[in-house]
Enquirer: 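Mind having a look at this structure? Questions to follow.
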Number of protein chains: 2
Amino acid sequence: MSDQEKNELNISTSWNAYNEQCPTRLMLNRIADKWAVLLLGLLERETKRFSTLQRETGGISQKMLTQTLRSLERDGLIQRTVYASVPPKVEYSITPLGFTLVAPLAAIRVWSETHIEEVLAAQSAYDKAQDSEKQQPNVRKIVFN
Amino acid sequence: MSDQEKNELNISTSWNAYNEQCPTRLMLNRIADKWAVLLLGLLERETKRFSTLQRETGGISQKMLTQTLRSLERDGLIQRTVYASVPPKVEYSITPLGFTLVAPLAAIRVWSETHIEEVLAAQSAYDKAQDSEKQQPNVRKIVFN
DNA sequence: TCCCAATAGTTACTATTAGTAAGTAGGAAC
DNA sequence: GTTCCTACTTACTAATAGTAACTATTGGGA
């Protein structure tokens, strides 16, 4: 029985992202990455060109765009097609494997967008508490047991 | 109507992670992070101590553990409780807000664990193709249009 | 004829971030 | 009085990300 078959049957395998030696840890590193999340989100619906991806992903440099696209291609998540035209034309599209990752990644992007106000409020509260602790140290959050 | 109410009604707001100036971009940066994914996964079920979190998260240093926990606390995703005992005892637990993020993050961890074999295969194929391209450059993946 | 525009990069350099290893506190046990 | 415990800091180094300038190719315009 392959590991994949075991996974489908929900039998635990050796794959475990909490183990630093496991290849899944490297994978988590790759996909738990802001540029990967944003780029796969853009390619979810349609094929796009290099320059379009750069324009639509605010703040990404050419270097990071190339680097991230190259990694995603190597991992089999996107496909790169070069057209022999001048000026050059290179199109990127999502693969079936990449498509299985779109929904999970979209979920965390959407989470950011829907919960940002609660997070900003928590940050303000934390910073305020930090300030008052500077005046009166060690009076907060300590439990005497 | 608040942005959150708009979000609940699925009305588009100004929040957009593709805009580099948007606070949601910073948020995406925080949660699209391997240590955050792993730590929130550990805290999903139970409160844990600093040393336990370090033991269960392979390869994390004390510095990164402190740093990541501090960020998650500031963002309101986890809670930190200090007990006035010797030796010190500090417990970390997930907040209701953090709990809403557990499932999305678990999904990408699980994706890594269930699709790793396909990714490893894609990587081998890519590396092999790269090698053969070195022998015969520019014969692959180019479309003449 | 010479120069510029357009696309998809690469490269060299700098800044930021992550990782490593050693140090700190304060009391309890030996 | 020396060591141990936990949960950190801090100083230093290594790796990664960001910035900006450079490249190839060729069609079109002055």
Side-chain angles (χ1 to χ4, degrees), chain A residues 20-21 25-26 28-30 32-39 42-43 47-74 78-93 130 133 137-138 141-145, chain B residues 20-21 25-26 28-30 32-39 42-43 47-74 78-93 130 133 137-138 141-145:
Chain A
E20 133 179 66
Q21 310 299 325
R25 168 65 72 83
L26 284 174
L28 188 60
N29 258 312
R30 284 277 169 71
D33 168 77
K34 68 177 167 194
W35 299 132
V37 170
L38 294 171
L39 291 173
L42 286 176
L43 295 174
T47 290
K48 284 177 192 277
R49 298 181 62 173
F50 185 89
S51 52
T52 308
L53 290 170
Q54 187 173 23
R55 199 173 346 101
E56 295 181 352
T57 307
I60 196 169
S61 65
Q62 291 186 315
K63 180 185 138 186
M64 285 311 292
L65 182 54
T66 305
Q67 216 170 87
T68 308
L69 290 172
R70 212 54 52 87
S71 291
L72 294 174
E73 187 195 2
R74 190 171 102 97
I78 64 173
Q79 209 199 329
R80 177 173 180 268
T81 310
V82 181
Y83 294 87
S85 58
V86 172
K89 181 179 171 183
V90 180
E91 282 189 343
Y92 293 90
S93 57
Q130 287 298 103
E133 185 149 7
N138 294 326
K141 286 190 292 188
I142 295 179
V143 177
F144 297 90
N145 61 338
Chain B
E20 133 179 68
Q21 310 299 326
R25 168 66 72 83
L26 283 173
L28 188 60
N29 257 313
R30 284 276 169 71
D33 169 76
K34 67 178 167 195
W35 300 132
V37 170
L38 294 171
L39 290 173
L42 287 176
L43 295 174
T47 290
K48 284 177 191 278
R49 299 181 62 175
F50 185 89
S51 52
T52 309
L53 290 170
Q54 186 173 23
R55 199 175 343 101
E56 296 181 352
T57 307
I60 197 169
S61 65
Q62 290 186 315
K63 181 185 138 187
M64 285 310 293
L65 182 54
T66 305
Q67 217 170 86
T68 308
L69 290 172
R70 210 54 50 87
S71 291
L72 294 174
E73 187 196 2
R74 190 171 102 98
I78 64 174
Q79 209 198 330
R80 177 173 179 267
T81 310
V82 180
Y83 294 86
S85 58
V86 173
K89 181 178 172 184
V90 180
E91 281 189 345
Y92 293 91
S93 57
Q130 286 298 102
E133 184 151 8
N138 294 327
K141 286 190 294 187
I142 295 180
V143 177
F144 296 90
N145 61 339

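First the proteins, then the strands, lettered A, B, ... as listed; each starts at 1.
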Enquirer: Between B/L69 (CG) and D/dA7 (P), how many Å, whole number?
Expert: 11 Å

Enquirer: Just how far, in rounded Å, is C1' of C/dA8 from CD1 of A/I60?
Expert: 14 Å

Enquirer: Just the rounded figure in Å: distance from P of C/dG9 to CG of A/L53.
Expert: 10 Å

Enquirer: Can you measure A/K48 atom NZ to C/dT7 atom C1' for me and round it to whole angstrom units?
Expert: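 It works out to 17 Å between those atoms.
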
Enquirer: If I take atom OG1 from residue A/T66 and atom CD from residue A/Q54, how far apart are they, to the nearest 0.5 angstrom?
Expert: 8.5 Å

Enquirer: Take the protein atom CG of A/L65 and the nucleotide atom P of D/dA17, then report the distance between them rounded to whole Å.
Expert: 14 Å

Enquirer: If I take atom CD from residue A/Q67 and atom CD1 from residue A/I60, how far apart are they, to the nearest 0.5 angstrom?
Expert: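 Separation between the atoms: 9.5 Å.
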
Enquirer: Give me the distances for all protein-to-nucleotides 28-30 of chain D N/O pairs that come in under 3.5 Å?
Expert:
none

Enquirer: For a quick check, with a 4.0 angstrom heavy-atom cut-off, what is the B/S/- contact string for nucleotides 14-30 of chain C, read 5' to 3'?
Expert: ----BBB-B---BS---

Enquirer: Just how far, in rounded Å, is P of D/dC5 from CD of B/Q54?
Expert: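 Spelled out: CD on B/Q54 to P on D/dC5 is 14 Å.
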
Enquirer: Over how many whole Å does the gap from A/F50 atom CZ to C/dA8 atom P extend?
Expert: 7 Å

Enquirer: Keeping to residues at least two apart or across chains, list the salt bridge (Lys or Arg N to Asp or Glu O under 4.0 Å) pairs with something in residues 50-69 of chain B.
Expert: B/K48-B/E56

